[in-house]
Number of protein chains: 2
Amino acid sequence: MSATPRIKARAAKALRPRDSASRADRATRTTDLGLLPSLLGYRLRLAQRAIFTDFVSSMGEAEISPGLFGILVIIEANPGLKQTELSIAAHLDRSSIVPVVDKLETRGYVSRRASAIDRRVNGLWLTSEGSAVLRKLKRTVIAHERRIARRLSAAEQQRLFDLLAKLLP
Amino acid sequence: MSATPRIKARAAKALRPRDSASRADRATRTTDLGLLPSLLGYRLRLAQRAIFTDFVSSMGEAEISPGLFGILVIIEANPGLKQTELSIAAHLDRSSIVPVVDKLETRGYVSRRASAIDRRVNGLWLTSEGSAVLRKLKRTVIAHERRIARRLSAAEQQRLFDLLAKLLP
DNA sequence: TATTGTTATACTCTATAACTATA
DNA sequence: TATAGTTATAGAGTATAACAATA
């Protein structure tokens with residue numbers, strides 16, 4: 001199972017007084033996880049979870065998820081791209097991209113501009129505010145990545161990248 | 001963004017005729033992902049996604065997610081454990097474990113048995129059907145893992161495990 | 001006919017808060 | 001008072017199907 005932590009949930013959790021830490025510690029140490037720790041899928045999930053959590057907490061007040069950050073990065077790298085192209089690049093259905101772009105548009109980071117050539121198409125662009133925000137977010141994300149990657153030597157980092165790439169179909 | 005693929009969605013997607021493959025291929029190759037491919041978090045998500053997808057499709061009619069599978073494994077390894085203990089082991093809130101156990105109980109794989117000593121507590125046990133099903137599931141999961149891991153040498157697999165472990169807090 | 005974006009809808013997974021029953 | 005489980009509720013994230021506008 002193992003939550004993909006929600007953005008708001010994380011923020012609130014820090015102050016939650018509900019469980020005593022000692023109880024939690026004991027149970028975590030005690031419970032046998034069976035064959036799970038021998039499974040690559042399980043290990044991968046734990047690692048991704050840890051990085052996701054660090055990502056979110058390092059974003060602080062910006063309240064942006066890795067997913068939304070990725071969308072901003074892709075739009076910046078491909079100014080004017082169509083929603084359909086974005087959805088493919090992000091491995092989402094084109095209907096799923098709609099609320100995503102809505103959210104970024106509401107926050108004032110992205111604008112849809114109808115194409116003059118093909119009036120079915122919305123080109124996507126960062127607003128100047130979106131550009132400025134993304135500039136800061138990227139610095140934060142790079143710092144977050146460095147903080148994580150510091151646990152590995154440069155050679156290990158490269159090795160990890162290579163090994164992960166081999167897992168892709 | 002990048003979906004955690006839903007179980008039912010996957011099954012349906014195989015037959016979905018909506019997009020032509022050629023279009024999708026072109027756009028994937030074309031769109032610039034900016035700094036994303038340099039981020040460990042991004043690579044990790046792709047790898048996890050790939051494994052999750054393979055997991056789900058290899059389960060076929062069993063229709064069990066990695067998360068539910070993990071829950072069954074933990075219960076098997078700790079017969080009679082309390083829901084609270086399970087929730088901690090699975091990194092879930094204790095309220096979130098309720099619908100999870102409900103689902104497994106509905107399918108007849110798990111039973112709650114009230115403790116005689118402390119009547120607040122539900123001990124969790126696999127039913128005999130749950131045991132039998134899990135025995136088969138484990139074989140399937142191990143085959144799935146082998147199929148993935150075959151892309152790596154034994155030494156590489158060990159290396160990957162070690163590197164992933166270093167990423168945990 | 002095919003494509004683009006959208007809506008309507010539904011589903012999974014998870015959390016917080018407040019409750020009940022025990023201890 | 002504290003703990004175990006539950007309910008009520010909400011929200012993120014995503015999909016499928018059907019539709020209108022446009023090509």
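Proteins get letters first, then strands, A, B, ... in listed order; numbering begins at 1 in each.
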Does a side-chain N or O from [X] land closer than 4.0 Å to OP1 or OP2 of [N], or not?
X      : N      : answer
B:R119 : C:dA23 : yes
A:S96  : D:dA15 : yes
A:S95  : D:dT16 : no
B:R120 : C:dC19 : no
A:S65  : D:dG13 : yes
A:K103 : D:dG13 : yes

Quiz prompt | Atom-to-atom span, CG of B:D93 to C1' of D:dG5 - whole angstrom | solution =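 Value for this atom pair: 11 Å.
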Quiz item: When all nucleic acid strands are considered with a 4.0 Å heavy-atom cut-off, which category describes A:I117: base, sugar-phosphate, or nothing?
Solution: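 Sugar-phosphate, no base atom in range.
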Quiz item: How is A:V121 classified with respect to the nucleic acid when contacts are heavy atoms under 4.0 Å: base, sugar-phosphate, or nothing?
Solution: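 Sugar-phosphate, backbone atoms only, no base.
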Among the candidates [options], find the nucleotide nearest to the side-chain atoms of [X].
X      : options              : result
B:D118 : C:dT22, C:dT4, D:dG5 : C:dT22
B:Q83  : C:dA15, D:dT6, C:dG5 : D:dT6
B:P99  : D:dT6, C:dT14, C:dG5 : C:dT14

Exercise. Determine yes or no for a side-chain-to-main-chain donor-acceptor pair under 3.5 angstrom, with A:T127 supplying the side chain and A:G108 the backbone.
Key: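 Indeed, once roles are kept as given, a pair shorter than 3.5 Å links the two residues.
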